[in-house]
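FYI, side chains are in, hydrogens and waters are out, and symmetry mates aren't considered; it's all heavy atoms of this structure.
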Amino acid sequence: MIEAPDFAAAARALGVRWYTGVPCSFLTPFINHAMGDPHSRYVMCANEGDAVALACGLELGGAGPAVAMMQNSGLGNAVNPLTSLAHPFRIPLLLITTLRGDPARQDEPQHRLMGRITGPALSLMEIPWEPFPESTAALPDVLGRAGRWFATHRTPYGLVMRKGAVAPHALQANPPPPRPGGSTADLRGGRTPPTRAMVLRALLERWDPATTLLVATTGYTGRELYALADRPNHLYMVGSMGCAAMLGLGLALARPDREVIVIDGDGAALMRMGNFATVGAYGPPNLAHLLLDNGIHESTGGQFTVSPGVDFAAVARACGYAWSARADAVDALDALSDSRVAGPRFLRLHTRPGVLEPLPRPAVSPEQVAERLRRYLAEGDGPS
């Protein structure tokens, strides 16, 4: 059994200062310490996949590898961003998953199958793993192996925690204070909505690439942004549908000196609506969330989404965004850019279907996109 502060102190040698995840009773002392540790910061997520995406954004923003913690029963929620975000973009993070349903111990029936397959599932995802250390003496070797993996492979490394691995630790932290709902504006004028490409062009004209990071959701949004202008401050999501907002939150928390604009889609936002609450609770004023809503899954054949029945702006306001609006024209982007708002901003912009032609696929790989973004941010920190 180890003490949570001992693990945190050893992990800081790897540059680990950020923790995120979803609670499990096995993780209670660990999370309690991370929440109250003045040298660490913990972000509570709505689901396990969101935690992985947030950890990816933190690392890309220069905050070092983060810890994503979860019960193994929720590992399935994290498979998508682990395999289609962290792996292709080559983003290291320390994945700590518990071992409910441990074959060596009696547990509830709903955990038994997952207990048997947790290790094989990690191996199948090409995530090397080992048991979470149960003695302070083992910490340097375990974390040393994780650090060497990060340095050579730049992908996640897993630790599987058994019950009782960490000594009890009292909770000495309060949740983030609830944010009062901000203002909501209706900027619609009954005009013909723009196409997605028209909005992206307007974005590129309005925001300074020297101070702004653009995160484009997977599908046609990222591909059209690439076709219009391929820049080192752009990140084109692939796979990991619904994770753009959490990756953007990680970037915004890691880099408060940069404006981060998440360009989301209606289908993606519906897939992971829990991230609205996390952004509303933790989101800083340098985060703008732009939802382009054409009511369909356009890149998969035009199947409808249920977005016409959802008031996303009201959802954002209820979740703690400082400002939200509905619009149907590109000039609403001017209101989204108002940096005087003390919190994250949200704009649902209705768009009409239509795809930019010709529409190439990015010739730059996800790994190259990630590495040039890291260089872009590092060069910006250097002498002018």
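Between the side chain of Y282 and the backbone N or O of M44 there is at least one donor-acceptor pair closer than 3.5 Å. Between the side chain of S84 and the main chain of S240, a donor-acceptor pair closer than 3.5 Å is present. Side-chain atoms of T300 come within 3.5 Å of backbone N or O of H297 as a donor-acceptor pair. The closest donor-acceptor contact from the side chain of Y376 to the backbone of H234 lies at 3.5 Å or more, if one exists at all. In this structure a side-chain-to-backbone donor-acceptor pair under 3.5 Å is present from T28 to S25. Using modelled atom types, one side-chain atom of D328 and one backbone atom of G189 make a donor-acceptor pair closer than 3.5 Å. Between the side chain of N275 and the backbone N or O of A245 there is no donor-acceptor pair closer than 3.5 Å. At distances below 3.5 Å, at least one donor-acceptor pair connects side-chain atoms of R345 with backbone N or O atoms of L336.
Relative orientation of the Y157 and W149 rings is tilted, given thresholds of 30° and 60° on the angle between their planes. Ring geometry for H169 versus H33: interplanar angle over 60°, hence perpendicular rather than tilted (30 to 60°). Between F312 and F346, the ring planes are tilted. Angles from 30° to 60° get that label.
When the side chains of ILVMFWY residues are joined at heavy-atom separations under 4.5 Å, either directly or via intervening members, L58 and M35 end up in a single hydrophobic cluster. Under the 4.5 Å side-chain heavy-atom criterion for ILVMFWY residues, a single connected hydrophobic cluster contains both M273 and L249. Linking Ile, Leu, Val, Met, Phe, Trp and Tyr residues whenever their side-chain heavy atoms come within less than 4.5 Å places V364 and L60 in a single cluster. Put simply, F276 and M241 are part of two different groups of oily side chains (I, L, V, M, F, W, Y) that touch within less than 4.5 Å, one to the next. Cluster membership for L204 and L235, using ILVMFWY side-chain heavy atoms within less than 4.5 angstrom, is shared.
A donor-acceptor contact under 3.5 angstrom links the side chains of Q71 and S73, judged on distance only. Counted by atom type alone, T351 and N294 present zero donor-acceptor pairs between their side chains at under 3.5 Å. T118 and N72 share a side-chain donor-acceptor pair at under 3.5 Å.
Atom CG in L225 sits 8.5 Å away from atom CZ in R231 (nearest 0.5 Å). Atom CG of L159 and atom OG1 of T98 lie 12.5 Å apart (nearest 0.5 Å). Residue I263 holds its CD1 atom at 7.0 Å from CD1 of I261, rounded to the nearest 0.5 Å. Atom OG1 of T195 is separated from atom CD of E298 by 9.5 Å, given to the nearest 0.5 angstrom. Note: R162 CZ to D102 CG = 4.5 Å, rounded to the nearest 0.5 Å. Here the straight-line distance linking atom CG of L356 with atom CZ of R196 works out to 9.0 Å at 0.5 Å rounding.
Screening residues 74-96 for ring pair (Phe, Tyr, Trp, His ring centres under 6.0 Å) gives no qualifying pairs among residues at least two apart or on separate chains. Contacts classified as salt bridge (charged side-chain N to carboxylate O under 4.0 Å, His left out) and involving residues 309-326 (residues at least two apart or in different chains) are given here: D311-R326. Within the structure, ring pair (Phe, Tyr, Trp, His ring centres under 6.0 Å) pairs that include any residue of residues 197-226 comprise Y226-Y236 (at least two apart or interchain). The salt bridge (charged side-chain N to carboxylate O under 4.0 Å, His left out) contacts involving residues 348-366 comprise D293-R348, where partners must be two or more places apart or lie in separate chains. The stretch residues 198-217 participates, sequence neighbours left out, in these salt bridge (charged side-chain N to carboxylate O under 4.0 Å, His left out) pairs: R206-D334. Under the salt bridge (charged side-chain N to carboxylate O under 4.0 Å, His left out) criterion, the residue pairs touching residues 87-101 are R100-D107, with sequence neighbours excluded.
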field: Derivation and outcome, salt bridge (Lys or Arg N to Asp or Glu O under 4.0 Å), residues E59 and R374
entry: CA-CA 9 Å; E59 196 281 335; R374 293 187 189 98; 3.0 Å; yes
- request: Please step through side chain to side chain contact (heavy atoms under 4.5 Å, CB included) for the pair V67 and W18, ending with a clear verdict.
  value: CA-CA 6 Å; V67 174; W18 286 84; over 6 Å; no
task: I would like to know whether V166 and F132 meet side chain to side chain contact (heavy atoms under 4.5 Å, CB included); could you show each step before the answer?
output: CA-CA 9 Å; V166 184; F132 188 90; 3.7 Å; yes
field: side chain to side chain contact (heavy atoms under 4.5 Å, CB included) between T20 and M69, intermediate numbers included
entry: CA-CA 6 Å; T20 182; M69 299 183 277; over 6 Å; no
- request: Go through the steps to decide whether S324 and L347 satisfy the test side chain to side chain contact (heavy atoms under 4.5 Å, CB included), and finish with yes or no.
  value: CA-CA 6 Å; S324 62; L347 175 64; over 6 Å; no
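Contact annotation: the side chain of L54 never approaches that of D50 to less than 4.5 Å [non-hydrogen atoms, C-beta and beyond]. In this structure, the side chains of R223 and P362 come closer than 4.5 Å at one or more pairs of heavy atoms. Between P353 and I296, some side-chain heavy-atom pair lies under the 4.5 Å cut-off.
Here the closest heavy-atom approach between residue G21 and residue A51 is recorded as CA-CB, 3.6 Å. Here the shortest heavy-atom pairing between N286 and P256 reads ND2-CA, 3.5 Å. For the pair L213 and L373, the tightest heavy-atom approach, listed with the atom from each and the gap, is CD2-CD1, 4.0 Å. Scanning both residues, P156 and P128, for their nearest heavy atoms gives O-CD, 3.6 Å. The two residues I31 and P23 come nearest to each other via the heavy atoms CD1-CA, 3.6 Å. When all heavy atoms are compared, the tightest approach of T278 to A46 is OG1-N, 3.7 Å.
By the side-chain hydrogen bond (donor to acceptor under 3.5 Å, both in side chains) test, N32 pairs with no residue at all, sequence neighbours left out. Not counting sequence neighbours, R112 has no partner by the side-chain hydrogen bond (donor to acceptor under 3.5 Å, both in side chains) test. Partners of R41 according to the side-chain hydrogen bond (donor to acceptor under 3.5 Å, both in side chains) rule, which considers only residues two or more places apart in sequence or in another chain, do not exist here.
Using a 4.5 Å cut-off between side-chain heavy atoms of Ile, Leu, Val, Met, Phe, Trp and Tyr, F304 forms no hydrophobic cluster with any other residue. Chaining together hydrophobic side chains whose heavy atoms lie under 4.5 Å apart places V79 alongside V52, M70, L75, L82, L93, L95, L99, L113, M114, I117, L122, M125, I127, W129, V160.
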Give the table of side-chain donor-acceptor pairs shorter than 3.5 Å for residues 133-143, with sequence neighbours excluded, one pair per line with atom names and distance.
from: S135; atom 1: OG; to: A138; atom 2: N; distance (Å): 3.4

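Each of L333, T221, T217 was compared with L290 under the side-chain contact (heavy atoms from CB on, under 4.5 Å) criterion, and only L333 meets it.
A salt bridge links R12 to D37: at least one charged side-chain nitrogen sits closer than 4.0 Å to a carboxylate oxygen.
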